[in-house]
**Student:** 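Sending over a structure as structure tokens; questions will come in a sec.
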Amino acid sequence: MLDFSGVVLRARPHIPEDRALTADTTPSHAADAPRAPGDQRASDATLALILNSLDEDKAEDIVQIDLRGKSSVADHMVVCSGRSTRQVTSIAEKLSERLKDTLGRTARTEGKTQGDWVLLDAGDVIVHIFRPEVREFYQLEKMWQDPSAAQAARPI
């Protein structure tokens, strides 16, 4: 079980789950602004809760991408797969419930009705849950991959 004692969480406004993410959605912090150590611990605690939840719900091929210093949108991105639209939707619903029960946050959700690709915005952590075929098509991991790792992986 995760221990969240000593973690200070930032208050977030209540946002209904079905509210669409719009262009005017602004991050709670800027990428170049220094963050207090408590904020980083809260972000890391949220990430740990998410990774634990995904593992419990049998999500496959879980990849965590550190966005600190790369994006002002979030500190972490998690990409994973579910075997079917039903599992993708179920993983998203359970994760959203756990975030609300444990941290008191309602994660903004997109794509849950289709079940091919669900995006959860948990504040400092963005979660993408895909069906394997859709994940292979979009290849989000490649977009955020370290350029030196991409060079090493390229065939000669």
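No experiment lies behind these values; they were computed from the predicted model shown. Both backbone and side-chain heavy atoms feed into the values below; hydrogens, waters and symmetry mates do not.
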**Student:** Please check if the side chain of Q87 supplies one atom and the backbone of K58 the other of a donor-acceptor pair under 3.5 Å.
**Tutor:** yes
**Student:** Can you name the nearest heavy-atom pair linking G111 to V118, along with the distance?
**Tutor:** O-CG2, 3.6 Å
**Student:** Could you state the interatomic distance from CG (D116) to CZ (R135), rounded to the nearest 0.5 Å?
**Tutor:** 14.5 Å
**Student:** Check for a donor-acceptor pair, side chain of R98 on one end and backbone N or O of L49 on the other, with a separation under 3.5 Å.
**Tutor:** no
**Student:** Which heavy atom in V88 sits nearest to a heavy atom in F130, and how many Å separate them?
**Tutor:** CG2-O, 3.5 Å
**Student:** Locate the shortest heavy-atom distance separating L99 from A122; write the atom from each residue and the value.
**Tutor:** CD1-CB, 3.8 Å
**Student:** Whether E56 and K94 form a salt bridge (side-chain N of Lys/Arg under 4.0 Å from carboxylate O of Asp/Glu) is what I want to check.
**Tutor:** no
**Student:** Closer than 3.5 angstrom, by distance alone: can the side chain of D57 be matched with the main-chain N or O of A59 as a donor-acceptor pair?
**Tutor:** no
**Student:** Restricting to side chain to side chain contact (heavy atoms under 4.5 Å, CB included), what partner residues turn up for E133, sequence neighbours left out?
**Tutor:** R131
**Student:** How far does NE2 of H76 sit from CG of D66, to the nearest 0.5 angstrom?
**Tutor:** 5.5 Å
**Student:** Run V125 and M77 through side-chain contact (heavy atoms from CB on, under 4.5 Å) and show every step you take.
**Tutor:** CA-CA 6 Å; V125 183; M77 180 186 308; over 6 Å; no
**Student:** Quick one: do T46 and D124 satisfy side-chain contact (heavy atoms from CB on, under 4.5 Å)? Show the steps, please.
**Tutor:** CA-CA 8 Å; T46 302; D124 291 333; 5.8 Å; no
**Student:** K100 versus R105: any side-chain heavy-atom pair under 4.5 Å?
**Tutor:** no
**Student:** Show the numbers, then the answer: is there a side-chain contact (heavy atoms from CB on, under 4.5 Å) between L120 and S96?
**Tutor:** CA-CA 8 Å; L120 269 93; S96 184; 4.1 Å; yes
**Student:** Of all heavy-atom pairs between V73 and S71, which one has the smallest distance, and what is that distance?
**Tutor:** N-OG, 3.0 Å
**Student:** Between the side chain of S90 and the main-chain N/O of R86, is any donor-acceptor distance below 3.5 Å?
**Tutor:** no
**Student:** About how many Å separate CD1 of I50 and CG of L103, when rounded to the nearest 0.5 Å?
**Tutor:** 8.0 Å
**Student:** Could you give me the CA-CA distance, side-chain angles and deciding distance for V78 and I126, then say whether side-chain contact (heavy atoms from CB on, under 4.5 Å) is met?
**Tutor:** CA-CA 6 Å; V78 177; I126 305 295; over 6 Å; no
**Student:** Given 3.5 Å as the limit, does a donor-acceptor pair link the side chain of Q139 with the main chain of E136, or not?
**Tutor:** yes
**Student:** First locate atom CG of L54, then atom CD1 of I62, and finally report the distance between them rounded to the nearest 0.5 Å.
**Tutor:** 5.0 Å
**Student:** With a 3.5 Å cut-off and no angle check, do the side chains of Q40 and D44 form a donor-acceptor pair?
**Tutor:** no
**Student:** Picking from V127, L95, T102, what satisfies side chain to side chain contact (heavy atoms under 4.5 Å, CB included) with S53?
**Tutor:** L95
**Student:** Rounded to the nearest 0.5 Å, how far does NE2 of H128 lie from CG of D121?
**Tutor:** 9.5 Å
